[in-house]
Participant: 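A single structure is presented below for examination.
The first residue in the sequence is number 1, and the count goes up from there. In each ligand, atom 1 is the first atom listed, and ligand 1 is the first ligand listed.
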Amino acid sequence: MTKDIDIKRLREDALKSIKAAADAASLESLRVKFLGRKEGELTKILRSLKDFSIAEKKKIGPLANALRQEIESALSEKLKSLQAASHKLQADIDLTRPGRKVQRGSLHPLTSVEKEIREIFKSLNFSVVEGPEAESDYYNFDALNIPKDHPARDMWDTFWLRQNDGRTKEQKNKRTKRQGGGERLLLRTHTSPVQVRYMEQHKPPFQIIVPGRVFRYEATDASHETNFHQVEGLMVGKDANLANFKFVIREFFQRLFKRKLSIRLRPSYFPFVEPGLEVDIQCVKCGGNGCNICKNSGWLEVMGAGMVHPRVFEAAGYNPRDLQGFAFGLGLERIAMIKYNIPDIRLFYSGDLRFIKQF
Ligand code: PHE
């Protein structure tokens, strides 16, 4: 009778531990524990059968044998299911597979060049100033010594803005006849209007740069866009002069292109400077020997500049007898094209990933 109960307990114990086994090694030790040839718990029961009566043997023998089979198949079932689970795990996690790349954006080449330019000028003690893109006729032209109807206005092809100020067509026409159109707004054709805006609010000496977006109403081609960027520069003081300009601008280009280079100043005309200059730098690709970038001249034209015209100082409320200064304006796209060897200005705005992913 007691053997009866022993077998029942043994069965419960064995099946429970087999079910809970976590791996093949623990299954093996369970096999040894229950079915081991010497010390296996079931083996011991079977071995002791010889001491029992015939009737007991007949009863316990088959029970014990059945349990032996039950344990064996439970063990092999469990082993199979453990193996299947580990195969599944291996299929789900392929440790040899390359990791998924983190998608990271990068700065547009114009943004990074502008950032670099800002940093260089800041390190030369220039402040960075900005101004409005929709500008008045006055700041974009008149205050810069470009009077209405003066031919110099033809240097800039302008987007004029139609203003919705609540006046009817008739009222506008009346006003147009009497007052000559009033103050019109336009998309600024250059960053120079910020010169006057800044001078109206600040006392010299100072030195600023003005990065910003500008607009011109013209046909696009490899070197012209209707929308592009400039960086204006202005330094005003008691005796800020062209020698200072030459130093600052050469220093700037050398830091930007990370090499020693010569600059060349040529006489030119802009209504808001006198004298006016065109600035060339030694070709950064060939060093001046002549190549396709500089069209074999050895020089790259990079900016307009000059000494601030007395009329501009007057427009800003300064007395031109007390002050002098220089101004310059460079095209950001042009600089980026030279720096990165970009052949066509339209690529900057094309949204073409093949272009943009190179930076
Ligand atoms: N504003 C001029 C242009 O857009 C460039 C310039 C700036 C020239 C300052 C002289 C001085 O062409």
Side-chain angles (χ1 to χ4, degrees), residues 114 117 121 126-133 135-147 150-159 186-199 204 206-218 223-237 240-242 244-246 248-249 252-253 263-281 300-313 315-316 318 320 323-337 345:
E114 190 193 305
I117 292 175
F121 277 108
F126 277 66
S127 313
V128 181
V129 175
E130 291 185 13
E133 291 171 5
E135 186 53 281
S136 69
D137 195 3
Y138 172 75
Y139 284 112
N140 196 81
F141 291 126
D142 299 63
L144 292 169
N145 193 30
I146 315 168
H150 192 280
R153 284 216 177 189
D154 296 344
M155 291 170 75
W156 292 274
D157 307 289
T158 310
F159 284 112
L186 51 88
L187 295 180
R188 64 178 178 191
T189 58
H190 49 185
T191 42
S192 301
V194 189
Q195 288 187 25
V196 180
R197 285 185 175 272
Y198 186 85
M199 288 195 280
F206 59 76
Q207 51 278 328
I208 58 167
I209 57 160
V210 185
R213 181 179 285 231
V214 301
F215 308 84
R216 293 197 192 166
Y217 179 64
E218 60 189 353
S223 51
H224 295 86
E225 260 289 358
T226 52
N227 167 200
F228 58 104
H229 297 77
Q230 288 187 332
V231 179
E232 190 83 7
L234 176 66
M235 177 168 184
V236 180
N241 56 44
L242 280 183
N244 302 149
F245 170 70
K246 228 181 140 173
V248 166
I249 226 60
F252 162 70
F253 280 116
I263 64 166
R264 182 171 80 169
L265 307 181
R266 286 180 289 121
S268 183
Y269 172 70
F270 299 95
F272 33 90
V273 285
E274 181 60 39
L277 309 166
E278 208 71 60
V279 181
D280 299 338
I281 58 170
L300 298 169
E301 195 179 311
V302 285
M303 62 162 78
M307 293 299 288
V308 180
H309 197 288
R311 291 234 179 95
V312 177
F313 282 144
Y318 290 177
L323 296 155
Q324 56 184 46
F326 60 79
F328 57 87
L330 61 87
L332 195 61
E333 281 78 358
R334 172 113 176 96
I335 299 295
M337 286 167 82
I345 192 172

Participant: Tell me, please, which residues at least two apart from Phe252 pass ring-ring contact (aromatic ring centres under 6.0 Å, His included).
Facilitator: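 ring-ring contact (aromatic ring centres under 6.0 Å, His included) list for Phe252, sorted by chain: Phe121.
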Participant: List for me each residue that meets ring-ring contact (aromatic ring centres under 6.0 Å, His included) alongside Tyr217, sequence neighbours excluded, and say none if there are none.
Facilitator: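 ring-ring contact (aromatic ring centres under 6.0 Å, His included) list for Tyr217, sorted by chain: Phe159.
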Participant: Contact between Phe206 and Ser127 at the side-chain level, heavy atoms closer than 4.5 Å - yes or no?
Facilitator: no
Participant: List of N/O pairs, ligand 1 versus protein, all under 3.5 Å?
Facilitator:
{"from": "ligand 1", "atom 1": "1 (N)", "to": "His190", "atom 2": "ND1", "distance (Å)": "3.0"}
{"from": "ligand 1", "atom 1": "1 (N)", "to": "Ser192", "atom 2": "OG", "distance (Å)": "2.9"}
{"from": "ligand 1", "atom 1": "4 (O)", "to": "Arg216", "atom 2": "NH2", "distance (Å)": "2.9"}
{"from": "ligand 1", "atom 1": "4 (O)", "to": "Gln230", "atom 2": "NE2", "distance (Å)": "2.9"}

Participant: With rounding to the nearest 0.5 Å, note down the distance linking CZ in Phe326 to CE in Met235.
Facilitator: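 Going from CZ on Phe326 over to CE on Met235, the span is 5.0 Å.
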Participant: Which distance, rounded to the nearest 0.5 Å, do you find between the CE of Met307 and the CG of Leu242?
Facilitator: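 Between Met307 CE and Leu242 CG, I get 5.0 Å after rounding to 0.5 Å.
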Participant: Under the rule for ring-ring contact (aromatic ring centres under 6.0 Å, His included), what residues qualify as partners of Tyr138, not counting sequence neighbours?
Facilitator: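 Scan of Tyr138 (ring-ring contact (aromatic ring centres under 6.0 Å, His included), adjacent residues dropped) gives none.
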